Amino acid sequence: MSSGSQSSSSSSQYPILCASFNQDNSGFAISTRDGFKIFDSNTGRLCYERASGAFVVVEMLYSSSLLAIVGGGEQPSLSPRRLCLFNTTTGTALRELNFLTSVLAVRLNKKRLVVVLQEKTYIYDSNTLAILDAIDTVPNVKGLCAFSPSLDGCFLALPSSTTKGSVLVYNVMELHSHCEIDAHRSPLAAIAMSFNGTYIATASEQGTIIRVHLVSEATKSYSFRRGTYPSTIFSMSFGPSTQLPDILVALSSSGSIHVFSLGLAINQRGRRSSSFLGSLLPDSVNDAFDPAHHRVLQKAVPAGVKSNVVVRKVDKIADTSLSESVASRATLSVITFNGHFLEYTVDVNTQNESKWSLESEFNLLAVISGEEQHFQLV
């Protein structure tokens, strides 16, 4: 799952204050200064809206009627220190949790609720709201975190250093620290976990290298070079596969979307490690993968505009360029904080050739309730 929701400060120049996809990327939520909206990712239909002021956190629980919302503090009733569990069916608050400092991020699944503050993270039982654990953290002013919502591999990742790119991986179901990974020399800028908690991806403030780690062994599994020049990684997301995450996508401040093929990388590693030369290469060389596993779409979104990207699905399709061969198609959904939803596809054939297409785009701020978007290109 992607590093998930993103929020911008109340002084932001963007009309969208926060944007988040739900746990299976079938829906997403956005907030503006006027209220929040819930959309269906497949059709673009506006499923729910509430005009009640600015919110900096709006998190869905799959496609249920439960939302976790935190106000932006622009009016007394919407304190950023108060988490409200809200029922969209009745339009009422179910429960409220109050904290001493602002809530920076919230993650949840059917068993656990995670609340991230600047120097402490709380774990609750989602059903009873009993507090299960409180984790002291290093100052985490951006509320950076990643969460794998699967009950079979439910992990939380948090920065564990302010001076280098170390990450703490915490077992949310068993309530204990799982491991700590030293991923980068510079502080972390983005974290993402696969749905089942098998993999974690990290990017530092430099943004030139993205690393993918195997959580069970707390080891560095792959290194991908995004580019030569520093760039801020706004968002990362794994493919939805419950076994192997076929791809990892990243969206950078340059406006580019990067797609890294993890399946090809694993196959390459297997071949390389079984070879004589591969057995002699040190890990630092052996885990740097071929640029053929990296695809980039430049100018996917306007440069510098904060955006959130997820891999909604990966399908096998007939490869028309070669007879009787199969290619893969990844569908990527993007929310830009200046108010647009975009859907891209990238096809990769058996000869490792790729093709990008912009399938749809619409203005999130102009959608009328109940109206289905026809995803016309604009």
Side-chain angles (χ1 to χ4, degrees), residues 1-7 18-31 36-45 47-48 55 57-70 83-89 94 103 105-116 121 123-127 129 143-158 169-173 190-201 215 235-249 308-314 330-335 341 343:
M1 181 175 188
S2 81
S3 43
S5 65
Q6 296 187 22
S7 63
C18 71
S20 64
F21 287 85
N22 66 356
Q23 290 79 0
D24 58 9
N25 298 329
S26 63
F28 63 92
I30 65 167
S31 169
F36 59 84
K37 299 179 179 183
I38 306 296
F39 292 85
D40 183 303
S41 297
N42 296 298
T43 64
R45 183 174 64 89
C47 304
Y48 182 86
F55 291 84
V57 172
V58 182
E59 289 288 332
M60 304 170 66
L61 179 61
Y62 291 92
S63 297
S64 73
S65 59
L66 180 68
L67 297 178
I69 56 178
V70 178
L83 169 64
C84 174
L85 296 180
F86 185 81
N87 187 317
T88 58
T89 302
L94 299 173
V103 177
V106 176
R107 298 290 184 269
L108 70 163
N109 63 13
K110 295 175 181 178
K111 292 287 185 71
R112 294 290 186 262
L113 169 68
V114 177
V115 182
V116 179
T121 294
I123 313 295
Y124 294 87
D125 183 299
S126 292
N127 298 295
L129 288 191
L144 194 62
C145 65
F147 184 66
S148 54
S150 171
L151 298 180
D152 295 327
C154 187
F155 293 97
L156 172 70
L158 297 163
V169 180
Y170 178 90
N171 188 316
V172 181
M173 297 305 295
I191 323 172
M193 297 198 79
S194 59
F195 180 87
N196 61 353
T198 302
Y199 292 93
I200 178 173
V215 170
S235 175
M236 296 191 295
S237 170
F238 283 100
S241 170
T242 55
Q243 298 299 319
L244 172 71
D246 298 316
I247 63 172
L248 171 72
V249 298
N308 200 355
V309 64
V310 297
V311 186
R312 281 215 298 115
K313 57 183 178 178
V314 179
T331 301
L332 314 179
S333 294
V334 181
I335 301 170
F341 177 89
E343 184 171 281

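What you see is a predicted model; the values in this text were computed from it and never measured.
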CG of Leu83 to CG of Leu113, rounded to nearest 0.5 Å, is 6.0 Å
Could you please spell out the steps behind the side-chain contact (heavy atoms from CB on, under 4.5 Å) verdict for Phe341 and Val334?
CA-CA 6 Å; Phe341 177 89; Val334 181; over 6 Å; no
Compare every heavy atom of Cys47 with every heavy atom of Phe39, then report the nearest pair and how far apart it is.
C-SG, 4.0 Å
Between Arg312 and Ser333, do the side chains contain a donor N or O and an acceptor N or O under 3.5 Å apart?
yes
Under the ring pair (Phe, Tyr, Trp, His ring centres under 6.0 Å) test, residues paired with Phe36 that sit two or more places apart
Phe55
With a 4.5 Å cut-off on side-chain heavy atoms, are Pro240 and Asn25 touching?
no
Show your working on side-chain contact (heavy atoms from CB on, under 4.5 Å) between Lys111 and Ser126 and close with a plain yes or no.
CA-CA 5 Å; Lys111 292 287 185 71; Ser126 292; 5.5 Å; no
Heavy-atom side-chain proximity of Thr121 to Val115 below 4.5 angstrom:
no
If you look at every heavy atom in Met60 and Ile38, which pair is closest and at what distance?
CE-CG2, 3.6 Å
Would you find a donor on one side and an acceptor on the other, under 3.5 Å apart, between the side chain of Arg45 and the backbone of Asp40?
no
Taking side chain as C-beta onward, heavy atoms only, is Phe28 less than 4.5 Å from Ile335?
yes
From Tyr62 OH over to Asn109 CG, what is the distance, rounded to the nearest 0.5 angstrom?
6.5 Å
Aromatic Tyr48 / basic Lys37 pairing, under 6.0 angstrom, 45° off normal:
no
State, with a plain yes or no, whether a side-chain heavy atom of Val57 is found less than 4.5 Å away from one of Ile69.
no
Determine whether Leu108 and Gln23 make a side-chain contact, defined as any pair of heavy atoms from C-beta on separated by less than 4.5 Å.
yes
Working to the nearest 0.5 Å, report the span between CG of Asn308 and OG of Ser237.
8.5 Å
Please report the interatomic distance OH(Tyr199) to OG(Ser148), rounded to the nearest 0.5 Å.
14.0 Å
For Leu61 and Asn22: C-alpha separation, side-chain torsions, deciding distance, then whether side-chain contact (heavy atoms from CB on, under 4.5 Å) applies.
CA-CA 6 Å; Leu61 179 61; Asn22 66 356; over 6 Å; no
State, with a plain yes or no, whether a side-chain heavy atom of Val58 is found less than 4.5 Å away from one of Ile30.
no
Flag side-chain contact, heavy atom, 4.5 Å: Leu85 against Leu67
no
Working to the nearest 0.5 Å, report the span between CG of Leu156 and OH of Tyr170.
8.5 Å
Report the C-alpha distance between Val116 and Val106 in whole Å, list the side-chain angles of each, state the deciding distance to 0.1 Å, and finish with yes or no for side-chain contact (heavy atoms from CB on, under 4.5 Å).
CA-CA 6 Å; Val116 179; Val106 176; over 6 Å; no
Out of curiosity, Cys154 SG to Asn196 CG, how far, rounded to the nearest 0.5 Å?
11.0 Å
Determine yes or no for a side-chain-to-main-chain donor-acceptor pair under 3.5 angstrom, with Ser235 supplying the side chain and Val309 the backbone.
yes
In the structure I gave you, are the side-chain heavy atoms of Leu332 and Val310 within less than 4.5 Å of one another anywhere?
no
